[in-house]
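For reference, the structure discussed in these notes is given below.
Heavy-atom basis, side chains included; hydrogens, waters and symmetry copies ignored.
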Amino acid sequence: MNMQETKIYDIICIGGANVDRKIRALKPLANKTSNPAISTKTRGGVARNIAENSGRIGLKASLLAYLGADPEGEWILQNTKNYVDVSPTEIIHGKPTGTYTAVLDEDGEMAVALADMTIYNDVKEYFFENNLHHLQSAKMILLDTNFPAKVIGQVISSCKNTGIPICIAPVSAPKTDKLPASLDGVTWLIANHKEAEALSKLNITSEGDYYRAAEVILTKGVEKVVITRGEKGLIYFTNNGEAGALVPPNVPIVEVTGAGDSLIAGILFGYLKGLSTEDACKIGISCSLITLQTSDTVSPDLNQQSLQETFQKYFSKGLSQR
């Protein structure tokens, strides 16, 4: 790509793009037997979801992922490109597009999830060099942990050296093992309860434990840590002493899948708009509230207007710049 073709993005999302299959039980789940259920198929993948959410709320977003040369991969591209520049995404022959299958209980809460991301095991060492121009054309990088550890380390190191802000989305507790011991250069790390436990090597059982886990993660070099707590909202802790907890309002929950991805997109939107850590987190919660009220992994109702209305409804005081 020559300089005339280089595009500038608000955010480039690097990582997973896959097919989400959600199977929701109609009655309380019973082990080792058949359960009546309904199933749906949606586009998914943490990086892909965050990219689409970002595009829907007005950021210029791009996706750098791997898809198989199969109908599922083409379906994902066609259903993503209206909100995201998918041109950096690579099509891999001989490997199936990744799949994520979530089994939800009758209340829409996740009981278990299964992920087939073997396509990312074949990411080559030259991936980083081939895509350096994409990284350098972004105001912000979002990196999930689907790529191999070496690539993850290269992207983090590049962002540190170039001063480009980067957010890490750990994806799952087991995949936190792919992150380097030093996270120096990481601007944001946004994790759920189990991911934070894996990163901090602490058991989180109380309010104080969340802050202790965040403090441990900060010592690795991260600037801003957010740990989500399900229906209890989130806590944030930064290396300049900002700390707080935000509890979301009660809304009718259809299901939780994708709420964390929309939260991350909203937080990074607020950060890129110059908001304080607290207000960026409020933007994130507003995005997640919209997502919780739909069965889609990415809510079709999420846009700049619905975000503004939701924020004003639940967080009506003025925004503060950082």
Side-chain angles (χ1 to χ4, degrees), residues 10-11 13 16-17 20 22 24 40-61 63 76 79-84 100 102 104 107-110 113 140 142 144 167 169 188 190-192 226-236 245-273 275-319:
D10 292 315
I11 185 167
C13 299
D20 274 0
K22 290 179 280 189
R24 181 169 177 170
T40 58
K41 175 181 129 176
T42 63
R43 54 202 178 276
V46 170
R48 197 219 68 85
N49 292 346
I50 295 170
E52 183 178 339
N53 280 303
S54 298
R56 284 180 175 273
I57 58 178
L59 294 179
K60 189 173 183 182
L63 176 66
I76 289 172
N79 286 277
T80 302
K81 66 181 183 180
N82 288 341
Y83 300 96
V84 179
Y100 171 87
L104 311 174
D107 296 320
E109 297 285 342
M110 183 193 297
M140 180 100 206
L142 178 284
D144 76 20
C167 174
W188 290 86
I190 304 175
N192 65 22
V226 172
I227 304 176
T228 60
R229 307 181 299 170
E231 64 183 16
K232 294 182 180 179
L234 59 80
I235 68 99
Y236 60 88
L246 293 172
V247 179
N250 291 323
V251 298
I253 297 176
V254 175
E255 66 176 64
V256 300
T257 307
D261 300 335
S262 62
L263 173 90
I264 293 173
I267 289 174
L268 300 183
F269 174 91
Y271 173 75
L272 287 167
K273 298 300 182 183
L275 302 183
S276 67
T277 300
E278 178 179 349
D279 284 334
C281 288
K282 289 177 179 178
I283 293 286
I285 290 176
S286 298
C287 288
S288 69
L289 292 175
I290 296 169
T291 304
L292 287 167
Q293 297 177 76
T294 178
S295 60
D296 292 288
T297 303
V298 175
S299 173
D301 299 324
L302 180 62
N303 53 49
Q304 287 180 302
Q305 181 177 346
S306 65
L307 172 56
Q308 183 177 11
E309 291 172 352
T310 302
F311 182 88
Q312 289 177 342
K313 181 177 180 179
Y314 297 111
F315 303 107
S316 57
K317 78 178 186 65
L319 297 170

* Test side chain to side chain donor-acceptor pair (under 3.5 Å) on Gln305 and Glu309 and set out the steps. => CA-CA 6 Å; Gln305 181 177 346; Glu309 291 172 352; 3.0 Å; yes

* To do: Please report the C-alpha distance between Glu231 and Asn250 in whole Å, then the side-chain angles of each, then the deciding distance to 0.1 Å, and finally whether the side-chain contact (heavy atoms from CB on, under 4.5 Å) criterion is met.
  => CA-CA 8 Å; Glu231 64 183 16; Asn250 291 323; over 6 Å; no

Mind listing the closest non-hydrogen atom pair of [X] and [Y] along with its distance?
X	Y	value
Ser286	Leu307	CB-CD1, 3.7 Å
Thr291	Ser262	OG1-OG, 2.9 Å
Lys22	Asp296	NZ-C, 3.7 Å
Asp144	Gly16	OD2-N, 2.8 Å
Cys281	Val226	SG-CG2, 3.9 Å
Gly45	Asp20	N-OD1, 4.1 Å

Just verifying a value: how many Å separate [X] [atom1] and [Y] [atom2], rounded to the nearest 0.5 Å?
X	Y	atom1	atom2	answer
Ile253	Thr294	CD1	OG1	13.0 Å
Glu109	Thr257	CD	OG1	9.0 Å
Ile267	Cys287	CD1	SG	9.0 Å
Phe269	Ile50	CZ	CD1	15.5 Å
Asn192	Leu234	CG	CG	12.0 Å
Asn49	Tyr100	CG	OH	10.0 Å

* Other residues, nucleotides, ligands: >12 heavy atoms within 6.0 Å of Lys313 NZ ->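 Result for NZ/Lys313: open.
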
Do [X] and [Y] come close enough that some side-chain heavy atom pair is under 4.5 Å?
X	Y	answer
Met140	Cys167	yes
Leu263	Ile285	yes
Met110	Leu104	yes
Asp261	Val298	no
Ile57	Asn53	no
Arg43	Thr297	no
Ser54	Leu268	no

* Asked: Checking salt bridge (charged side-chain N to carboxylate O under 4.0 Å, His left out) for the pair Glu278/Lys282: CA distance, chi angles, key distance, verdict?
  -> CA-CA 6 Å; Glu278 178 179 349; Lys282 289 177 179 178; 3.2 Å; yes

* Identify the residue among Thr277, Leu272, Asp279 that makes a side-chain contact (heavy atoms from CB on, under 4.5 Å) with Leu275. =>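 Between Leu275 and the candidates, side-chain contact (heavy atoms from CB on, under 4.5 Å) is satisfied uniquely by Asp279.
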
* To do: Start with the C-alpha distance between Val256 and Leu292, add both sets of side-chain angles, then the distance that settles side-chain contact (heavy atoms from CB on, under 4.5 Å), and finish with yes or no.
  => CA-CA 5 Å; Val256 300; Leu292 287 167; 4.0 Å; yes

* Note: Glu52-Arg48 ion pair, threshold 4.0 Å (strictly below) ->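 Counted as a salt bridge, because a side-chain N and a carboxylate O are separated by less than 4.0 Å.
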
* Flag, side chain of Ser306 to backbone of Asp301, donor-acceptor distance under 3.5 Å ->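 Looks like yes, one N/O pair under 3.5 Å.
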
